[in-house]
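Okay, structure first, notes after.
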Amino acid sequence: MKMFAWMSAAVMALSTMVGAAQVPPPVGAEIAPMPEGTVVSASTPIELFHCVRYKDLKNVHPCAVPMIVSVPDPCPPACGSCGPQCVYVQVCVPPCDCYETKCKRRGNKLVLDFGKYEVEITSARGEVVVDYDD
């Protein structure tokens with residue numbers, strides 16, 4: 001349940017950063033999950049995860065808007081005590097604010113349900129898979 005809370009907060013906080021420039025963080029800086037209620041300014045640099053596979057692009061909403069979401073890192077560090085790590089992925093979602101967020105597979109699968117349209121984001125085996133369903 002704790003992982004669901006930081007994922008939801010990160011999705012809500014980062015959805016306002018759609019038009020922000022993608023500037024990598026300074027060397028040595030770590031990307032940490034956003035605590036609930038955190039507001040991220042548009043000047044905060046965010047590095048998008050590069051190993052992303054998109055499936056069923058024909059099912060994307062015709063008027064989709066980009067949104068940045070936070071998912072668990074599919075390549076976690078070797079030590080298990082480093083705390084939860086996350087990566088950021090850009091997805092295209094319908095232009096409405098009313099959606100249901102479901103967290104499955106111990107936090108490794110995030111489902112954004114918009115009614116007729118749905119985006120499933122799975123983080124496993126070194127890559128993030130974004131699957132669009134209508």
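Contact between Phe49 and Gly126 at its shortest, heavy atoms only, is CZ-O, 4.2 Å. A pairwise comparison of heavy atoms in Ala64 and Cys92 identifies CB-CB, 3.8 Å as the closest pair.
From Leu112, atom CG reaches atom CG of Asp133 across 11.5 Å, with rounding to the nearest 0.5 Å. Taking SG of Cys51 as the start and CZ of Arg125 as the end, the distance is 12.5 Å to the nearest 0.5 Å. Within the model, atoms CD1 of Ile46 and OH of Tyr88 stand 5.5 Å from one another, a figure rounded to the nearest 0.5 Å. Taking OH of Tyr54 as the start and CD1 of Ile121 as the end, the distance is 8.5 Å to the nearest 0.5 Å. Note: Asp56 CG to Glu118 CD = 11.5 Å, rounded to the nearest 0.5 Å.
Scored by the side-chain hydrogen bond (donor to acceptor under 3.5 Å, both in side chains) test, Arg53 finds Glu127 as partners (sequence neighbours excluded).
Between Leu48 and Val89 the shortest side-chain heavy-atom distance does not fall below 4.5 Å. Residues Asp73 and Ser123 have side chains not in contact (no heavy-atom distance under 4.5 Å, counting atoms from C-beta outward). Side-chain contact between Val93 and Val119 is present, with at least one heavy-atom pair separated by less than 4.5 Å. A 4.5 Å side-chain heavy-atom check between Gln90 and Met67 finds every atom pair outside the cut-off. Within the 4.5 Å cutoff, the side chain of Val130 has no heavy atoms near those of the Glu120 side chain. Side-chain atoms of Val128 and Thr122, non-hydrogen and from C-beta on, never get closer than 4.5 Å to each other.
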Under the criterion salt bridge (charged side-chain N to carboxylate O under 4.0 Å, His left out), I'd like the reasoning laid out for Lys116 against Asp134: C-alpha separation, chi angles, the key distance, then a yes or no. CA-CA 6 Å; Lys116 182 180 176 186; Asp134 63 347; 5.6 Å; no
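When hydrophobic clusters are built by joining Ile, Leu, Val, Met, Phe, Trp and Tyr residues whose side-chain heavy atoms come closer than 4.5 Å, directly or via intermediates, Val52 is grouped together with Val91. Residues Val129 and Val87 are members of separate hydrophobic clusters, defined by side-chain heavy-atom contacts under 4.5 angstrom among Ile, Leu, Val, Met, Phe, Trp and Tyr.
Identified under the ring-ring contact (aromatic ring centres under 6.0 Å, His included) test for residues 109-134, with sequence neighbours left out: His61-Tyr117, Tyr99-Phe114.
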